[in-house]
Structure formats: structure tokens, C-alpha cells
K.L.:
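Please see the structure below; I have some questions.
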2 protein chains.
Amino acid sequence: MTRTTLSSAMQNAATSDTIAQALSLAIHEHRIAPGTKLGEDELAEIYGVSRTVVRASLQSLSHLKLVDIRRNKGAKVASPSLTEAHEVFEARELLEPRTARSAAKLATPSDIASLERHINEEHAALDAADPGRALYLSGLFHTEIARIADQGTIAGFIETLIARSSLIIALYWRRESALCEKHAHHALVRALADHDEEQAEALMRSHLVDLHSALDLRERNVRAPSLKEALSQ
Amino acid sequence: MTRTTLSSAMQNAATSDTIAQALSLAIHEHRIAPGTKLGEDELAEIYGVSRTVVRASLQSLSHLKLVDIRRNKGAKVASPSLTEAHEVFEARELLEPRTARSAAKLATPSDIASLERHINEEHAALDAADPGRALYLSGLFHTEIARIADQGTIAGFIETLIARSSLIIALYWRRESALCEKHAHHALVRALADHDEEQAEALMRSHLVDLHSALDLRERNVRAPSLKEALSQ
DNA sequence: TCTTCTTGTATTGTATACAATTAGGTGTTC
DNA sequence: GAACACCTAATTGTATACAATACAAGAAGA
């Protein structure tokens with residue numbers, strides 16, 4: 001059960017990277033909540049590898065700030081503070097509009113098609129009442145734009161910012177605010193397809209501001225469920 | 001020789017972090033050239049720890065793109081391609097001017113004093129004919145400004161960009177171009193001290209453009225120097 | 001002489017054993 | 001009942017042993 005949920009796709013040849021990816025995905029999709037303890041033995045058993053490999057994965061994730069490792073205390077899923085949350089979105093507001101502009105210049109028809117596929121998948125996930133997956137795909141949409149912009153270094157930064165955004169959303173998302181992303185993403189794709197750089201940059205900026213303001217960035221207490229609880233669904 | 005040079009400062013209590021820091025410093029100061037093989041056993045013996053700890057350090061550095069790890073092939077000091085070199089400096093030109101502006105708003109007298117100390121140390125290193133250390137301190141100057149700007153996330157990005165810049169300079173520095181940094185750094189500190197945001201941003205931008213254009217970033221064959229070459233100079 | 005295969009050596013990948021540290025509980029004392 | 005010390009169990013940190021892979025040198029064959 002736990003085993004199948006997490007490792008189903010990678011029972012064989014579970015290497016450090018695949019485990020990190022699996023955990024990253026689970027965090028992205030909110031199947032593991034911020035603050036959850038990630039015991040080495042536990043993960044080692046789940047993936048059928050030794051602690052050595054698990055440790056490498058966790059270290060990897062800690063460099064992305066998805067996991068928080070403290071000496072002799074073990075690894076937990078990171079829970080970004082309010083300050084960090086603001087910083088992450090401010091950084092995104094600095095980087096992504098510029099990136100969208102570059103993407104508008106460079107986007108090919110096949111890029112556009114790929115983005116539209118993403119949007120469709122995202123809608124499908126929403127229809128299937130799987131908001132976690134929809135959120136993950138929404139992040140992938142942004143990552144894809146960074147990739148199109150052909151600025152690998154900045155794309156790497158954006159990728160980590162999006163990953164952290166997922167944690168921030170898990171902690172601070174305001175339920176009352178509707179998911180207005182459908183429009184935003186569609187409009188963005190249109191601007192990219194038209195090579196309208198100005199419009200793409202502006203749309204991305206306002207989209208991020210919307211996201212930022214849809215967060216309830218006040219201090220609050222969040223309870224972290226155990227790993228078993230999180231994965232039993 | 002290599003032994004004492006590298007480990008002198010941290011013979012006792014060599015932990016994963018201290019080793020990563022020592023290697024990072026050595027790379028920053030150009031004591032280890034891009035492309036140099038970093039054998040696990042070799043490093044383990046140098047620092048008097050097991051390969052377990054060394055591996056963690058190398059992984060850490062590979063996340064900063066200072067070290068390139070390939071499965072079953074081991075770790076080498078990274079040698080950024082021309083494309084990466086451009087990307088790194090373009091990213092710096094995007095992030096650092098903005099950061100300098102924030103720093104100008106927030107800089108305290110003690111911050112200014114700290115920056116001036118950095119500059120003095122840098123000059124001392126140049127006078128002592130230690131260009132490697134001068135380069136490291138020059139990077140520290142930029143990192144310090146990012147820290148003053150109080151944007152931890154972006155500061156982290158800048159830190160990795162500066163580290164990679166050091167590799168890029170090692171590979172592509174054009175000897176003919178003079179080190180014009182003295183003026184630039186001094187002028188920047190003055191703008192920060194005066195809280196002149198506009199000026200700080202402009203100075204940082206032109207400083208980075210200067211650096212970028214002082215590189216010989218034309219296509220050419222850059223071969224990774226061998227270990228012998230690296231140590232014989 | 002050149003090619004190809006084999007074999008040996010060096011190096012990395014993984015698992016396991018042991019040491020060190022922390023956390024939680026038990027009992028004692030005030 | 002609260003505070004403290006102590007002990008035990010659980011977890012992480014590190015070293016080492018073994019397996020897998022890659023690299024290089026040399027032998028066999030054409």
C-alpha cells in the first residue's frame with residue numbers, strides 16, 4: 001500500500017535520483033505535507049534500498065530546499081516561513097516575467113502544442129478532483145516556459161522556486177480564493193504563440209501577483225501528519 | 001603539498017560541510033583548475049575521513065555546479081561551456097543590479113565598514129601577488145551586497161552564480177584586460193553609503209557588463225587541463 | 001602492424017556494521 | 001504533583017566491506 005503508492009513506477013532500479021524524484025513529486029502533489037518526518041529506515045524499506053541511497057536523495061532534496069535536514073535530527077519536509085514565502089514569490093516576480101518575454105521570442109509551434117497539452121492535463125486533473133496533481137502540472141507549465149526561454153541557469157532557479165511554491169501553497173493557500181489560473185495560463189499561451197513579448201511579460205507578472213495575493217500570509221500553526229497517514233490514501 | 005595546502009585549516013573535525021567549503025575555496029582561488037579529477041579515495045585520505053563523508057561533500061558541490069559528477073565516472077571540477085558562461089553572466093546582470101538597489105536602501109554604517117574591509121583585503125591580496133585570493137574576495141564583496149539586500153533566496157542564487165563565475169574566469173579570462181575593479185567596487189560602496197539607489201543599480205550593472213566583456217567568450221577549444229598541469233604551475 | 005578481445009587494476013556504487021547522539025520514559029526526590 | 005537525573009530505545013553519523021563498473025595494458029589473431 002504505502003509501498004505501491006510511492007514506488008509503484010520504480011520498484012526496479014531505485015536509484016538516488018529516482019527516489020528524489022518520487023519524493024519531490026509526492027511533495028509537489030501535496031501527498032506529503034510540510035513538516036512530515038522523513039525517516040531514513042522508513043524510506044529505505046519503502047524503496048527497497050539501503051539508507052545510503054536514501055540519504056543521498058534527501059541531501060539532494062535539501063539542496064532544493066524541499067527538505068530540511070538538521071544534524072542528528074533527521075530530515076523533514078520543509079515548511080517555509082512567512083519571510084521565505086514572500087521571498088520566493090518576489091524572486092519569481094523578478095525572474096519569470098523576463099523569462100516569459102524570452103519565451104515569447106523563441107516559442108515554436110511544437111512548444112505551444114506542448115504547453116496546450118499541459119493545460120489540458122491540468123484541467124483533466126481538476127475535473128478528476130485531483131487538485132494535487134493539478135497543482136503539480138501548473139508548476140510544470142511554468143517550468144516549461146522557462147525551458148522554452150532557453151536560459152538553463154535561470155530555468156534552474158525558477159524550477160526550485162516553483163518547487164518551494166508548492167510547499168508555500170500547501171501552508172498558506174486561502175481556500176476562499178478561486179483557482180483563476182485557467183484564464184491566465186490560456187492567455188499566456190496565446191501571447192507566446194503570437195510572439196507578443198510585451199504581453200507575455202505583462203501577463204506573467206500579473207499572474208504571479210495574483211498568485212502571491214491569493215495566499216494567506218499570516219502566521220499560523222500547522223500540524224504535520226505522519227508519513228504513513230499521508231501515504232495511506 | 002596539495003595535502004597541506006588544502007587541509008591545513010581544518011585538520012580536526014573534518015565534516016562534510018567543512019570539506020565542501022575547503023574545496024569550494026580552493027576552486028574559488030584557482031588552486032584547483034576546472035576539469036581536475038576529484039578522486040574519492042584521494043580526498044578521503046587528505047582530509048582523514050571516510051569516502052562516505054567525501055561523497056556527501058562532492059554531491060553538495062555538484063548541486064552548486066562547481067563539480068560535475070557522472071555516474072560510475074567520478075567527480076571533476078566543472079568546466080562551464082561558453083553557453084553556460086554567457087548564461088551565468090546574463091543571470092547576474094538580471095539579479096545583481098536589482099539587489100544593489102535594495103542594498104542601497106538598507107545598508108547600515110556597519111555594513112559599509114564591512115564592505116570597505118573587504119576591499120582593503122582584496123587590495124592587500126593583489127599587492128601580495130595572490131590573484132586567486134583577490135578574486136575570491138572580490139566574489140565575497142558581491143555576496144556581501146546580496147546579504148545586505150536582505151533577500152536570502154536571491155542571495156543564494158547570486159552566491160552560486162559567483163562561484164560559477166570563478167570557474168568561468170579561470171577558463172575564459174582575457175589577460176590583456178586590466179583589473180578595473182578597484183574603481184568599480186569603491187564607487188559602489190560610496191553609492192550604497194549615500195543610499196543612492198539609482199546610482200548603485202547603474203554602477204552594478206555597468207560593473208557586470210565590464211566583467212562580462214573582459215572575458216574572451218568566443219568559440220575556441222578549451223581543453224580540460226590535466227592534474228599534472230594544474231599542479232605544476 | 002593493426003585490430004580486437006581478454007584480463008587485471010583502479011574507482012565508484014551500495015549495503016551493512018558500529019559509534020554517537022537524541023528523545024522518551026521511569027523512577028526518585030523535594 | 002513538578003523537577004531532575006538516569007537509563008533505554010530509536011535514529012542518525014561514519015567507517016568499512018563487498019559488488020559493479022570503467023579504464024588500460026597486454027595477448028592473440030589476422
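Chain letters run A, B, ... following the sequence lines, proteins first and then strands; every chain starts at 1. Nothing here was measured: the structure is a model prediction, and the numbers come from that model.
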K.L.:
Test of understanding: with side-chain contact (heavy atoms from CB on, under 4.5 Å), list the residues that count as partners of A:Leu211, not counting sequence neighbours.
P.N.:
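Only A:Phe89, A:Trp173, A:Glu181, A:His207, A:Leu208 meet the side-chain contact (heavy atoms from CB on, under 4.5 Å) criterion with A:Leu211.
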K.L.:
Does anything in residues 46-63 of chain B pair up under salt bridge (charged side-chain N to carboxylate O under 4.0 Å, His left out), and if so which pairs, sequence neighbours excluded?
P.N.:
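As it turns out, the salt bridge (charged side-chain N to carboxylate O under 4.0 Å, His left out) pairs with a partner in residues 46-63 of chain B, which skip direct neighbours, are B:Glu40-B:Arg51, B:Glu40-B:Arg55.
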K.L.:
Quick one: which of B:Ile32, B:Leu23, B:Leu66 gives a side-chain contact (heavy atoms from CB on, under 4.5 Å) with B:Val77?
P.N.:
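With B:Val77 as partner, B:Ile32, B:Leu23, B:Leu66 yield a single side-chain contact (heavy atoms from CB on, under 4.5 Å), made by B:Ile32.
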K.L.:
side-chain contact (heavy atoms from CB on, under 4.5 Å) with A:Glu29: which residues, sequence neighbours excluded?
P.N.:
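By the side-chain contact (heavy atoms from CB on, under 4.5 Å) rule, A:Glu29 matches A:Leu25, A:Arg31, A:Arg133, A:Tyr136.
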K.L.:
What pairs meet the salt bridge (charged side-chain N to carboxylate O under 4.0 Å, His left out) rule with one or both residues in residues 69-82 of chain B, with sequence neighbours excluded?
P.N.:
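Of all non-adjacent pairs touching residues 69-82 of chain B, those that pass salt bridge (charged side-chain N to carboxylate O under 4.0 Å, His left out) are B:Asp68-B:Arg70.
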K.L.:
Expected output is a numbered-order residue list: members of residues 56-69 of chain A with a heavy atom under 4.0 Å from any atom of DNA chain C. What is it?
P.N.:
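Under 4.0 Å from DNA chain C: no residue of residues 56-69 of chain A.
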K.L.:
If a pair satisfies ring-ring contact (aromatic ring centres under 6.0 Å, His included) and one of its residues is in residues 144-171 of chain B, list it, with sequence neighbours excluded.
P.N.:
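Residue pairs passing ring-ring contact (aromatic ring centres under 6.0 Å, His included), neighbours aside: A:Phe157-B:Phe157.
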K.L.:
What residues form a salt bridge (Lys or Arg N to Asp or Glu O under 4.0 Å) with B:Glu144, not counting sequence neighbours?
P.N.:
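Checked B:Glu144 against salt bridge (Lys or Arg N to Asp or Glu O under 4.0 Å); matches are B:Arg147.
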K.L.:
Does B:Ser50 have any side-chain contact (heavy atoms from CB on, under 4.5 Å) partners at least two apart in sequence or in another chain, and if so, which?
P.N.:
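With sequence neighbours excluded, B:Ser50 shows a side-chain contact (heavy atoms from CB on, under 4.5 Å) to B:Thr52, B:Val53, given in chain and number order.
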K.L.:
Considering heavy-atom distances to DNA chain D, does A:Ala75 or A:Thr52 have its closest nucleotide positioned more toward the 5' end?
P.N.:
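It is A:Ala75 whose nearest nucleotide is closer to the 5' end.
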K.L.:
Could you give all pairs that pass the salt bridge (charged side-chain N to carboxylate O under 4.0 Å, His left out) test and reach residues 155-165 of chain A, with sequence neighbours left out?
P.N.:
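As it turns out, the salt bridge (charged side-chain N to carboxylate O under 4.0 Å, His left out) pairs with a partner in residues 155-165 of chain A, which skip direct neighbours, are A:Glu84-A:Arg164.
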K.L.:
What is the first contacted nucleotide of DNA chain C and what is the last, in 5' to 3' order, if contact means an atom lying under 4.0 angstrom from a heavy atom of chain B?
P.N.:
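In short, chain B contacts DNA chain C from C:dT11 to C:dT14.
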K.L.:
Taking the nucleotide of DNA chain C with the closest heavy atom to each, which residue, A:Ser16 or A:Arg51, is nearer the 5' end?
P.N.:
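It is A:Ser16, whose closest nucleotide lies nearer the 5' terminus.
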K.L.:
List the residues meeting side-chain contact (heavy atoms from CB on, under 4.5 Å) with B:Ala103, not counting sequence neighbours, and say none if there are none.
P.N.:
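Partners of B:Ala103 under the side-chain contact (heavy atoms from CB on, under 4.5 Å) test: B:Ile145, B:Ile148, B:Ala149, B:Leu192.
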K.L.:
I'd like a list of close polar pairs between nucleotides 19-24 of chain D and the protein, N/O only, cut-off under 3.5 Å.
P.N.:
from   : atom 1 : to      : atom 2 : distance (Å)
D:dT21 : O3'    : B:Asn72 : ND2    : 3.4

